[in-house]
Amino acid sequence: MRLSRYFLPILKETPKEAEIVSHRLMLRAGMIRQQSAGIYSWLPFGHAVLQKVDQIVREEQNRSGAVELLMPTIQPADLWKESGRYDDYGKEMLRITDRHDRDMLFGPTNEEMVTDIFRGSVKSYKDLPLNLYHIQWKFRDEVRPRFGVMRGREFLMKDAYSFDLTKEDARKSYNRMFVAYLRTYQRLGLTAIPMKADSGPIGGDMTHEFIVLADTGESEVFCHRDFLDLPVPDENIDFDGDLSPWVDKYTAQYAATEEMHDEAAFAEIPEEDRVSARGIEVGHIFYFGTKYSEPMNARVAGPDGVDVPVHMGSYGIGVSRLVGAIIEASHDENGIIWPESVAPFQIGLISLKAGHEATDAACEGLYERLTNAGMSVLYDDRDMRAGGKFASMDLIGLPWQLIIGPKGVESGEIELKNRRTGARESLTPDAAFNKLQATLNS
RNA sequence: CGGGGUAUAGCUCAGCCUGGUAGAGCACUGGUUUUGGGAACCAGGGGUCGAGAGUUCGAAUCUUUCUGCCCCGACCA
């Protein structure tokens with residue numbers, strides 16, 4: 001992509017409404033534009049990141065055996081009246097009346113709807129287990145939206161719903177999601193720690209919040225240092241096998257958010273292993289049994305022929321929030337530092353002197369070569385001074401920068417810079433190409 | 001939903017106290033000189049000063065009502 005033909009409205013100054021770093025950087029890097037409190041347009045650069053995250057989440061859901069569908073944003077109120085939540089859910093639910101005066105709502109979540117879909121078609125234990133998920137925009141009319149996309153009113157969320165005959169089976173479904181989440185966050189370049197969450201009236205140990213540590217996190221969290229470098233299952237993990245060893249490994253040590261914090265238990269950890277930090281919740285999984293299947297009559301026949309309500313769980317990942325969380329966890333004073341897995345482009349190619357014949361030729365040649373080799377390149381071909389280009393490229397945080405100017409072209413060298421480490425090296429165009437190909441296509 | 005702010009050019013802000021023809025920097029357009037870490041100069045374009053009502057000869061400025069947005073708290077993926 002040539003920057004001169006892209007839409008990347010970079011801001012030199014920070015809009016005053018942005019308080020936290022991810023919000024500031026997302027506005028400055030031309031990723032989002034606010035349309036109303038907590039409601040954002042995703043501009044091309046931001047949209048590209050959102051799609052990368054979306055796709056990784058999808059791939060890991062699919063790998064775990066979950067099946068994708070797509071439910072609507074607008075739901076009829078009747079389903080919610082059936083479960084009893086129409087009255088329970090407060091003003092956070094955006095209620096709408098259509099032209100026929102029917103009560104509708106903009107979905108804040110989809111338990112009722114997916115239960116309705118399930119009960120219409122599944123009647124036997126032979127069709128279980130089943131896990132249905134979608135990635136869809138939700139709306140919660142927060143009293144006080146803030147932190148940009150981290151706490152918006154409209155947000156993109158992956159929500160999965162598992163259906164099982166028994167609680168024991170539901171635990172297996174829970175474990176599958178647990179492991180899928182570990183893999184998902186790792187692929188996104190994040191260290192996410194599963195922490196005990198409040199299970200509310202359901203009770204039990206099957207609920208965890210996945211927390212990313214970041215200095216600017218919204219809440220205080222406490223955990224054992226071991227979590228910071230626990231291995232994550234590789235892509236060959238068998239989701240039909242017994243996943244409990246992995247879950248056990250990740251639940252053996254102390255980890256809790258503020259609300260669930262137990263000072264005494266935390267004190268038992270050797271002092272040097274105690275981690276007390278700020279965290280961002282990027283996922284939440286929980287088992288809730290027959291809370292919806294009971295009132296909504298979602299029952300299946302067991303092997304004995306008797307109908308029983310299915311055991312359900314739901315599993316959320318805040319996809320749009322993750323974009324902010326990744327920035328919170330990965331930036332410096334100059335801007336964003338994208339993990340390679342979610343970077344909108346792998347390489348930023350800077351022409352230090354657009355219009356200079358030899359420089360243009362060198363840039364065009366390399367741009368074409370890299371692109372043809374399957375690498376994604378944002379080519380800054382604007383006629384602009386070098387300083388501004390360097391600042392822009394650091395701000396938008398592409399993992400690799402290729403810097404080509406008249407001096408280097410004359411001596412046959414270009415500069416390759418790693419955004420994260422800041423390391424630069426002068427290479428011939430061939431060497432730079434080979435290095436990038438070896439690094440990025442591996 | 002309680003408390004506190006704020007609203008002037010695309011962005012950051014001054015002007016308001018003490019009413020008198022709407023400003024600066026950056027950005028944008030044209031030009032000249034520059035050119036390896038956010039250049040300089042010259043010439044331009046761009047604002048019903050959030051909206052309504054009032055006071056006044058005259059309102060960005062004073063009074064008042066409304067609205068948007070932001071921050072703190074309670075609440076939450």
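Below, chain A is the first sequence line, B the second, and so on; all start at residue 1.
Shown here for Ala386(A) and Leu352(A), the closest heavy-atom pair between the two residues is CB-CD2, 3.6 Å.
Aromatic ring orientation, Tyr174(A) versus Phe178(A): tilted (interplanar angle from 30° to 60°).
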Taking protein heavy atoms under 4.0 Å as touching, what does nucleotides 36-44 of chain B look like 5' to 3' if B marks base contact, S marks sugar-phosphate-only contact and - marks none?
BBBB-----
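Candidate nucleotides rC70(B), rC11(B), rA77(B) were compared by shortest atom distance to the side chain of Arg140(A), and rA77(B) ranks first. Looking at the side chain of Glu92(A), the nearest of the listed nucleotides rU12(B), rC76(B), rC72(B) is rC76(B). Residue Lys91(A) places its side chain closer to rC1(B) than to any other of rC71(B), rC1(B), rC11(B). Looking at the side chain of Gln34(A), the nearest of the listed nucleotides rC71(B), rC76(B), rC70(B) is rC70(B).
The distance between atom CD of Glu13(A) and atom P of rA9(B), rounded to the nearest whole Å, is 14 Å. rG68(B) atom P lies 16 Å from atom CZ of Arg144(A), rounded to whole Å. Counting to the nearest Å, the C1' atom of rA77(B) and the OH atom of Tyr133(A) are 18 Å from each other.
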With 3.5 Å as the limit, what N/O pairs link the protein to nucleotides 3-5 of chain B?
none

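The main-chain N or O of Tyr315(A) is found under 3.5 Å from a side-chain atom of Lys158(A) such that the two form a donor-acceptor pair. Checking side-chain atoms of Arg2(A) against main-chain N and O of Asp381(A) turns up no donor-acceptor pair under 3.5 Å.
Among the protein residues, Ser320(A) comes within range of no part of the nucleic acid, since none of its heavy atoms lies under 4.0 Å from any strand. Contacts of Lys138(A) with the nucleic acid, taken as non-hydrogen atoms under 4.0 Å apart, are absent. Within the 4.0 angstrom heavy-atom criterion, no nucleotide atom of any strand lies near Thr109(A). Residue-level contact check: Gly152(A) touches the bases, meaning some heavy atom is under 4.0 Å from a base atom.
Lys196(A) is linked by a salt bridge (Lys or Arg N to Asp or Glu O under 4.0 Å) to nothing, counting only residues two or more places apart in sequence or in another chain.
As the counterpart of rG30(B), rC42(B) is assigned, both hydrogen-bonding distances of the Watson-Crick or G-U wobble pattern falling under 3.5 Å. Using N1 to N3 plus N6-O4 or O6-N4 for Watson-Crick, or N1-O2 and O6-N3 for G-U wobble, each under 3.5 Å, rA14(B) pairs with nothing. With a cut-off of 3.5 Å on both Watson-Crick or G-U wobble distances, the partner of rC1(B) is given as rG73(B).
Ring-centre distance between Tyr6(A) and Phe345(A): below the 6.0 Å cut-off. Between Phe210(A) and His208(A), the distance from one ring center to the other does not fall under 6.0 angstrom. The ring of Tyr254(A) has its center no closer than 6.0 angstrom to the ring center of His224(A).
Taking 4.5 Å as the limit, some side-chain heavy atom of Met312(A) sits within range of a side-chain heavy atom of Thr115(A).
Counting distance only, with no hydrogens placed and no angle test, the side-chain atoms of Arg151(A) and the base atoms of rC76(B) include a donor-acceptor pair under 3.5 Å.
Side-chain nitrogen and oxygen atoms of Thr14(A) include none within less than 4.0 Å of the OP1 or OP2 phosphate oxygen of rC11(B).
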